Visitor: 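Dropping a structure here in structure tokens format, bear with me for questions.
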Amino acid sequence: MKNGIIPEKSRQKLHEVIYEADTPAGKFFDLALLVVIIISIVAVMLESVASIRLVYGKELAIAEWVITILFSIEYISRIIAVKKPLSYILSFYGIIDLLSTLPKYVDILIPGLSLSFLLSIRALRLLRVFRILKLVHFVGASNQLLIALKKSRAKIAVFLFAVIILCIILGTIMYMIEGPESGFTNIPVSIYWTIVTLTTVGFGDITPITPLGQFVSVIIMIMGYGIIAVPTGLVTAQFMQERNDVNNTQRCPNCNADHHKDNASYCYNCGYHLQKRRNDQ
């Protein structure tokens with residue numbers, strides 16, 4: 001699917017404004033979009049408060065329509081600005097942008113349904129909270145963090161598997177020590193108690209009574225603090241290994257790929273020439 005809706009020069013200019021945060025126009029666009037997203041999130045929260053909705057329901061509805069139209073224009077512009085629109089439409093950001101725009105149109109396209117269906121449509125309107133994920137556009141370090149998480153996933157998976165085994169063992173031990181008299185009615189319940197204790201949540205609905213059980217629970221709680229630090233250390237170590245010469249704001253006008261190096265002249269994914277229009281002042 002190729003984009004021939006507007007002239008090439010105009011498309012490149014539009015791409016510069018929307019996808020290049022290193023240019024003055026791109027910075028202004030990102031700042032304006034950031035403000036609209038924050039206003040939208042606040043409006044969704046206020047609309048969920050019955051007393052506010054009762055007084056300012058009409059104003060909130062108007063604001064929602066204005067925001068929805070602005071997001072629709074942004075979504076269409078992002079599609080037009082790339083040579084291969086499907087690369088954006090099927091991307092993570094493309095799906096989030098669509099989900100954040102869709103609910104208001106659903107209310108119009110499917111009116112007059114029964115009460116049960118209206119409840120489902122109302123639930124769909126909550127998809128507007130996906131707009132908060134659009135903020136990821138503006139956090140360049142989030143891309144590096146995501147890469148660090150992906151590269152650490154094998155170590156984290158092994159760690160979580162070890163934690164699960166530990167919870168099963170400790171939960172079984174607590175079941176044998178305390179028994180149904182203390183609320184440990186079965187092994188699954190004991191494992192549940194072990195998990196909430198290990199994660200330092202401690203709902204307090206089950207409490208060990210015997211001295212041995214209390215001693216084991218103290219050991220589990222102390223272990224919990226150490227366990228919390230393990231995945232953090234794994235991700236941090238991987239994050240520190242990532243190169244810091246990656247430009248997280250520039251996207252390829254052809255394939256929409258990002259994570260290019262600062263001095264890159266061509267896209268690493270498709271070989272398309274990257275036009276530098278930066279203003280570092």
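Residue numbers start at 1 and run along the sequence shown. Since we're looking at a predicted model, the values are computed, not measured.
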Visitor: Atom CG of L198 and atom CG of L170: how far apart are they, to the nearest 0.5 Å?
Guide: 7.5 Å
Visitor: Looking only at non-hydrogen atoms, find the nearest pair between I191 and C167 and report the distance.
Guide: CG1-O, 4.0 Å
Visitor: Could you state whether V49 and I38 fall into the same hydrophobic cluster, counting links through intermediate Ile, Leu, Val, Met, Phe, Trp or Tyr residues with side-chain heavy atoms under 4.5 angstrom apart?
Guide: yes
Visitor: To the closest 0.5 Å, what do you measure between CD1 (I209) and CD1 (I177)?
Guide: 13.0 Å
Visitor: Without hydrogens or angle criteria, can the side chains of Y105 and T68 be said to hold a donor-acceptor pair below 3.5 Å?
Guide: no
Visitor: Looking at CZ of F29 and CD1 of I18, how far apart are the two atoms once the value is rounded to the nearest 0.5 Å?
Guide: 5.0 Å
Visitor: Indicate, with yes or no, if I165 and V163 share a hydrophobic cluster defined by side-chain heavy-atom contacts under 4.5 Å among Ile, Leu, Val, Met, Phe, Trp and Tyr.
Guide: yes
Visitor: Is there side-chain contact between W193 and I220, with heavy atoms separated by less than 4.5 Å?
Guide: yes
Visitor: Other residues, nucleotides and ligands only: do more than 12 of their heavy atoms fall within 6.0 Å of CZ on F159?
Guide: yes
Visitor: For P85 and I79, which heavy atoms make the closest approach, and how far apart are they?
Guide: CB-CG2, 3.5 Å
Visitor: With sequence neighbours left out, what residues match S91 under side chain to side chain donor-acceptor pair (under 3.5 Å)?
Guide: none
Visitor: Verify side chain to side chain contact (heavy atoms under 4.5 Å, CB included) between F28 and V17, making sure each step is shown before the conclusion.
Guide: CA-CA 8 Å; F28 176 79; V17 173; over 6 Å; no
Visitor: With the side chain counted from C-beta on, respond yes when I206 and F184 share a heavy-atom pair under 4.5 Å apart, and no when they do not.
Guide: yes
Visitor: Measuring from W65:CH2 to I69:CD1, what's the distance to the nearest 0.5 Å?
Guide: 6.5 Å
Visitor: So if you build clusters from Ile, Leu, Val, Met, Phe, Trp, Tyr with side-chain heavy-atom gaps below 4.5 Å, do V35 and L33 land together?
Guide: yes
Visitor: Atom CZ of F71 and atom CD1 of I76: how far apart are they, to the nearest 0.5 Å?
Guide: 14.0 Å
Visitor: State, with a plain yes or no, whether a side-chain heavy atom of I89 is found less than 4.5 Å away from one of Y75.
Guide: yes
Visitor: Applying a strict under-4.5 Å side-chain criterion to I, L, V, M, F, W and Y, I'd like to know whether V158 and I164 cluster together.
Guide: no
Visitor: Spell out, as yes or no, whether a donor-acceptor pair under 3.5 Å connects the side chain of S182 to the backbone of G179.
Guide: no
Visitor: Scan residues 209-220 for pairs that pass side-chain hydrogen bond (donor to acceptor under 3.5 Å, both in side chains), counting only residues two or more places apart or in two chains.
Guide: E178-T210
Visitor: Under the ring pair (Phe, Tyr, Trp, His ring centres under 6.0 Å) test, which residues partner Y175, sequence neighbours left out?
Guide: none
Visitor: Within a strict 4.5 Å, meaning less than it, do heavy atoms of the I227 and L166 side chains meet?
Guide: yes
Visitor: Could you see if I169 belongs to whatever hydrophobic cluster contains I222? Use Ile, Leu, Val, Met, Phe, Trp, Tyr and a side-chain cutoff under 4.5 Å.
Guide: no
Visitor: Is any side-chain heavy atom of D97 closer than 4.5 Å to a side-chain heavy atom of E74?
Guide: yes
Visitor: Taking all non-hydrogen atoms of both residues into account, name the closest pair between V189 and G183 and its distance.
Guide: CG1-O, 3.8 Å
Visitor: Could you give the distance from CG (L46) to CD1 (I41), rounded to the nearest 0.5 Å?
Guide: 12.0 Å
Visitor: Given V216 and M174, is the side chain to side chain contact (heavy atoms under 4.5 Å, CB included) satisfied, shown in steps?
Guide: CA-CA 8 Å; V216 174; M174 289 300 295; 3.5 Å; yes
Visitor: With side chains defined as the heavy atoms from C-beta onward, is the minimum distance between L14 and I80 less than 4.5 Å?
Guide: yes
Visitor: State, yes or no, whether a side-chain contact exists between H15 and V82 at a heavy-atom distance under 4.5 Å.
Guide: yes
